Amino acid sequence: MDPSQIKKEDANNTFQSVCPSGTRPTLYGFPGKTKSTVWAHFGFYMGEDGQLDKSHAICRHCYTGVRYSGNTTNLHTHLARHGFGHKSQPRPLSESGGRTTPVLIPKFPSGPSDGENIVTSAQKDLFQPVISGVFGNTPRSPVVLHTMVAEYLIQRLEPPGAVENSAFVNMMSAAEPSFDQENCRQFCESFMSQHQEILVHSLSDILKNSEAVALTYERWTSATRESYITYKVDVINTWWDIETYTLATTLDCCSIKEDLEILRNRWDLQDPLTVISTGDVEQPEHSKLQIVHCLAEALNKAARAGLQLDSVKEVLANGQKIQQHLVREVVVEKSCSVVKDGREEWLYTHDILTKLLQHKEVIKLTKSIDDVDCHAFCGQLEGICSVLNPLKSAVDLMCSQAPIVASMILPIIKKLQVSLSPEPKDSDVVKVFKERIWTTLYSVYSDTEVRKFLLVASFLDPRYKDLLFVDKEERALAKEVLSEVATELYRRGADTSSGSDEIVITAAGNGSDCSVSIINNETDREPDPKKLRKDEEETEASTSSKSDDWLADVIGCKKASSDSNKEEGVLAEVDQYSTMEQRTTSPFLWWSRRQSMFTTLSRVAKTYLCVPATSGPPDRMFEGARDRDDNQRRLLPADLVDKLIFLHDNYFKLK
């Protein structure tokens, strides 16, 4: 018999066979601390070992077992399908709230392979989906087929009306002769609306139970010339992987500040909240909202400012004349202008000038081209390229890192400061060029609060924790600020610990909702040093390549003290961390293996390390790279933009 076809009466018989009195086992509520409202409708049975059986959550309305693995999407789906939560009140839980004598409970069969979430499918006869108004008692196979079509449209970022495309209809009719395009379109519309609501609940649970979130936004323009802004959040899950979710896409008709306030109220985003700005949001007064400028936009802004100098423009104009001459002489292949409009124009200019520099000897042989002194031009060309080269190295570094976080901003800024320092051999043009770029770049991160935030972020990154790229006073300031932040977190009672046990809210590895685990601080100590050293040596080769080579002279190296005292309390965690050896290991890997040792500090680290250094992928920020999704969203109908982008970006992560 197919386990998915178990009837409700069969389930009752199973319960009566294990409970001779015919009574159901006691239901216990969700353990620990959670902000999700779904747990008002679900509980857990006690297992034979005296522990709660969390493999299935039991509905308090119908006693159906729903598969649970830390993701509440299945639970929200069950409530939505059956209409629970507003028609009737859930049955009460156990009044004891504690652990009692183990009760033998039935073993739940696994669900069918097609992804059905309801384990005891007895409700199949009673169960009517939201979309039943379209299909009535239609057999299961058309629903499965139309579900696959809906997911196909979500993945390709296409509206439900795409099923009426003649080529698509011909393909589906060949695969399924009974295919009805009108029913399929109606199904897809209902499917998308229903799952948007379910995903909103699931994402809300993730955000409420996250230590901190970082918000980014991106402006883009549709094919009809409408301007939109897509808002996204970054969070760190329990495996210390960064997960990115889309919150909303709105018309660019309000200020960013107003949109942020709407999003905070809609999603109940709590402090601390960090926003990666592209330069159009200022730090608000008397607010815990932290604004950090996008590093990619800062580099683009600085390079553009330098290229706008009259003396530099003159060099570029001369380069244009020489390039045209070399093309006529078939020395170089035909190319476009040295100067190009757009956000990424300085990278294009750098590439053209670098190619011209490769023909320096040929240019020098020509004394003059269109009244341009070729020998003097070659010297100016070398100077301009020497200034842009460090910026290009920073771009290459950022594009090679995944992910690139805010802890890298200060080391990169320091490296650029060293590279852009004036030298005696520099010409007047080069000196002014360097000064303009550096002053523009420094002004972006000169704010005191932003500087403090970035100092702590770098301090919490094991790759840069020695802070040798800042002076002694700022190193002391970083430790002081970190101690204050960690102490404040501890005093707020955020640790939710009792005795030697610590209840930690964790998220599933696939980016879905949060669950609760219990850490025993008496036994969960620092992992074996030999094993850590071996594991980190295996990963350092892949994480210390380009970034550590280029930044080696500013981040330095330090050996840990062997007699560091392990004191109790939050301040002791900070002291112990500050004495540990700086490593080239990924910060997420490093903290994931030590979060049981630094119970408070690791949670602070999530607040800072979840913040990206750029508001989007670096290759798109610098090179204007576009993929199919970027082009497809430009064609979306205005009334479906928000829904389709939300589903496309979140559905398969939270499914």
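Along the sequence shown, the residues carry numbers beginning at 1. Everything quoted here is computed from the prediction, not taken from an experiment.
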Chemist: Looking at every non-hydrogen atom in both residues, tell me the closest pair between Gln417 and Trp438 and how far apart they are.
Modeler: CB-CH2, 3.4 Å
Chemist: Hey, could you give me the NE2/NE2 distance between His41 and His78, rounded to the nearest 0.5 Å?
Modeler: 10.5 Å
Chemist: Do side-chain atoms of His293 reach the backbone of Val444 as a donor and acceptor pair under 3.5 angstrom?
Modeler: no
Chemist: So, Ser407 and Ser458: side-chain donor and acceptor under 3.5 Å apart, yes or no?
Modeler: no
Chemist: So, is the end of the Lys606 side chain (NZ or CZ) under 6.0 Å from the ring centre of Trp240 and within 45° of the ring's axis?
Modeler: yes
Chemist: Provide the closest heavy-atom pair for Glu211 versus Thr607 in the form atom of the first, atom of the second, distance.
Modeler: O-OG1, 4.5 Å
Chemist: Kindly indicate whether the side chain of Phe652, heavy atoms from C-beta on, has any atom under 4.5 Å from the side chain of Ile154.
Modeler: yes
Chemist: Does any non-hydrogen side-chain atom of Leu309 lie less than 4.5 Å from one of Val429?
Modeler: no
Chemist: Any donor-acceptor pair under 3.5 Å linking the side chain of Ser193 with the backbone of Ser190?
Modeler: no
Chemist: Answer yes or no on whether Lys415 is positioned over the face of Phe469, meaning its NZ or CZ is under 6.0 Å from the six-membered ring centre and within 45° of the axis.
Modeler: no
Chemist: Run the side chain to side chain contact (heavy atoms under 4.5 Å, CB included) test on Val641 and Thr250 for me, step by step, so that the C-alpha distance in whole Å, both residues' side-chain angles and the decisive distance to 0.1 Å come before the verdict.
Modeler: CA-CA 8 Å; Val641 167; Thr250 64; over 6 Å; no
Chemist: Would the distance check show the side chain of Thr439 and the main-chain N or O of Arg436 forming a donor-acceptor pair, the cut-off being under 3.5 Å?
Modeler: yes
Chemist: May I ask you to decide whether Lys232 forms a salt bridge with Glu218, counting only side-chain N to carboxylate O separations under 4.0 Å?
Modeler: no
Chemist: If I compare all heavy atoms of Leu153 with all of Pro159, which pair ends up nearest, and what's the gap?
Modeler: CD1-O, 3.8 Å
Chemist: Kindly compute the distance separating OG1 (Thr600) from CD (Glu488), expressed to the nearest 0.5 Å.
Modeler: 13.0 Å
Chemist: Is the CG atom of Asp310 crowded by more than 12 outside heavy atoms at less than 6.0 Å?
Modeler: no
Chemist: Anything under 30° is parallel, anything over 60° is perpendicular, the rest tilted; go ahead and classify Phe191 against Phe187.
Modeler: parallel
Chemist: Determine whether a donor-acceptor pair (N or O, by modelled atom type, separation under 3.5 Å) exists between the side chain of Ser419 and the backbone of Leu416.
Modeler: no
Chemist: Please report the interatomic distance CH2(Trp591) to CG(Asp461), rounded to the nearest 0.5 Å.
Modeler: 10.0 Å
Chemist: Applying side chain to side chain contact (heavy atoms under 4.5 Å, CB included) between Met408 and each of Leu295, Leu454, Ile413, Leu397, report the one that passes.
Modeler: Leu397
Chemist: Any chance the side chains of Thr614 and Glu297 put a donor and an acceptor closer than 3.5 Å?
Modeler: no
Chemist: Under 4.5 Å between any side-chain heavy atoms of Asp268 and Lys208, yes or no?
Modeler: yes
Chemist: Quick check against the 3.5 Å criterion: does Lys479 have a side-chain atom that pairs as donor or acceptor with the backbone of Val456?
Modeler: no
Chemist: Please report the shortest heavy-atom distance between Asp642 and Ala248, naming the atom on each side.
Modeler: OD1-CA, 3.4 Å
Chemist: Take Arg634 and Thr221, measure what side chain to side chain contact (heavy atoms under 4.5 Å, CB included) needs, and give me the verdict at the end.
Modeler: CA-CA 7 Å; Arg634 298 180 66 249; Thr221 305; 5.7 Å; no
Chemist: Suppose we screen for side chain to side chain donor-acceptor pair (under 3.5 Å). Which residues come up paired with Thr224, at least two apart in sequence or across chains?
Modeler: Ser222
Chemist: Without swapping roles, check the side chain of Lys434 against the backbone of Ser421 for a donor-acceptor pair under 3.5 Å.
Modeler: yes
Chemist: Looking at Lys392 and Asp396, does any basic side-chain N land under 4.0 Å from a carboxylate oxygen?
Modeler: yes
Chemist: Should Val149 and Cys188 be marked as a side chain to side chain contact (heavy atoms under 4.5 Å, CB included) after you check the CA-CA gap, both sets of side-chain angles, and the distance that decides it?
Modeler: CA-CA 8 Å; Val149 172; Cys188 291; 4.1 Å; yes
Chemist: Taking all non-hydrogen atoms of both residues into account, name the closest pair between Leu263 and Tyr231 and its distance.
Modeler: CD1-CG, 3.4 Å
Chemist: Check this for me: Glu435, atom CD, are more than 12 non-hydrogen atoms of other residues, nucleotides or ligands nearer than 6.0 Å?
Modeler: no
Chemist: If you take all heavy atoms of Phe646 and Leu247, which pair is closest and at what distance?
Modeler: CD1-O, 3.7 Å
Chemist: Tell me which one of Leu482, Asp447, Leu477 satisfies side chain to side chain contact (heavy atoms under 4.5 Å, CB included) with Lys452.
Modeler: Leu477
Chemist: Between Arg219 and Asp280, does any side-chain N to carboxylate O distance fall below 4.0 Å?
Modeler: yes
Chemist: Say whether, by atom type as modelled, one donor and one acceptor occur between the side chain of Asp241 and the main chain of Asn237 under 3.5 angstrom.
Modeler: no
Chemist: How would you list, by chain and number, every residue that makes a side chain to side chain donor-acceptor pair (under 3.5 Å) with Glu164, sequence neighbours excluded?
Modeler: Arg185
Chemist: Determine whether Tyr608 and Val485 make a side-chain contact, defined as any pair of heavy atoms from C-beta on separated by less than 4.5 Å.
Modeler: yes
Chemist: Quick one: does Ser446's side chain have a donor or acceptor within less than 3.5 Å of a partner on Ser443's backbone?
Modeler: yes
Chemist: In terms of the angle between their ring planes, are Trp220 and Tyr228 parallel, tilted or perpendicular, with boundaries placed at 30° and 60°?
Modeler: parallel
Chemist: Out of curiosity, Ile384 CD1 to Ser311 OG, how far, rounded to the nearest 0.5 Å?
Modeler: 7.0 Å
Chemist: Can you find a heavy atom in the side chain of Glu243 that is under 4.5 Å from one in the side chain of Val233?
Modeler: no
Chemist: Taking the side chain from Thr72 and the backbone from Leu75, do they hold a donor-acceptor pair closer than 3.5 Å?
Modeler: no
Chemist: Looking just at side-chain N and O atoms, do Thr246 and Asn650 make a donor-acceptor pair shorter than 3.5 Å?
Modeler: no
Chemist: Hey, does the side chain of Arg475 reach the backbone of Val470 with a donor-acceptor pair shorter than 3.5 angstrom?
Modeler: yes
Chemist: To the nearest 0.5 Å, how far apart are OG1 in Thr73 and CD1 in Ile198?
Modeler: 8.0 Å
Chemist: Report yes if some heavy atom in the side chain of Phe453 is under 4.5 Å from a heavy atom in the side chain of Val611; otherwise report no.
Modeler: yes
Chemist: Find out whether His350 and Leu391 are in side-chain contact, i.e. whether some heavy atom of one side chain is under 4.5 Å from a heavy atom of the other.
Modeler: no
Chemist: Val292 vs Thr274, test: side chain to side chain contact (heavy atoms under 4.5 Å, CB included). Steps then yes/no.
Modeler: CA-CA 7 Å; Val292 178; Thr274 306; 4.0 Å; yes
Chemist: Is there a side-chain contact between Asp234 and Ile276 in this structure, where contact means two heavy atoms from C-beta onward sitting under 4.5 Å apart?
Modeler: no
Chemist: Can the ring centres of Tyr577 and Trp590 be said to be less than 6.0 Å apart?
Modeler: yes
Chemist: What residues form a salt bridge (Lys or Arg N to Asp or Glu O under 4.0 Å) with Arg266, not counting sequence neighbours?
Modeler: none
Chemist: Could you give the distance from OH (Tyr490) to OG (Ser483), rounded to the nearest 0.5 Å?
Modeler: 14.5 Å
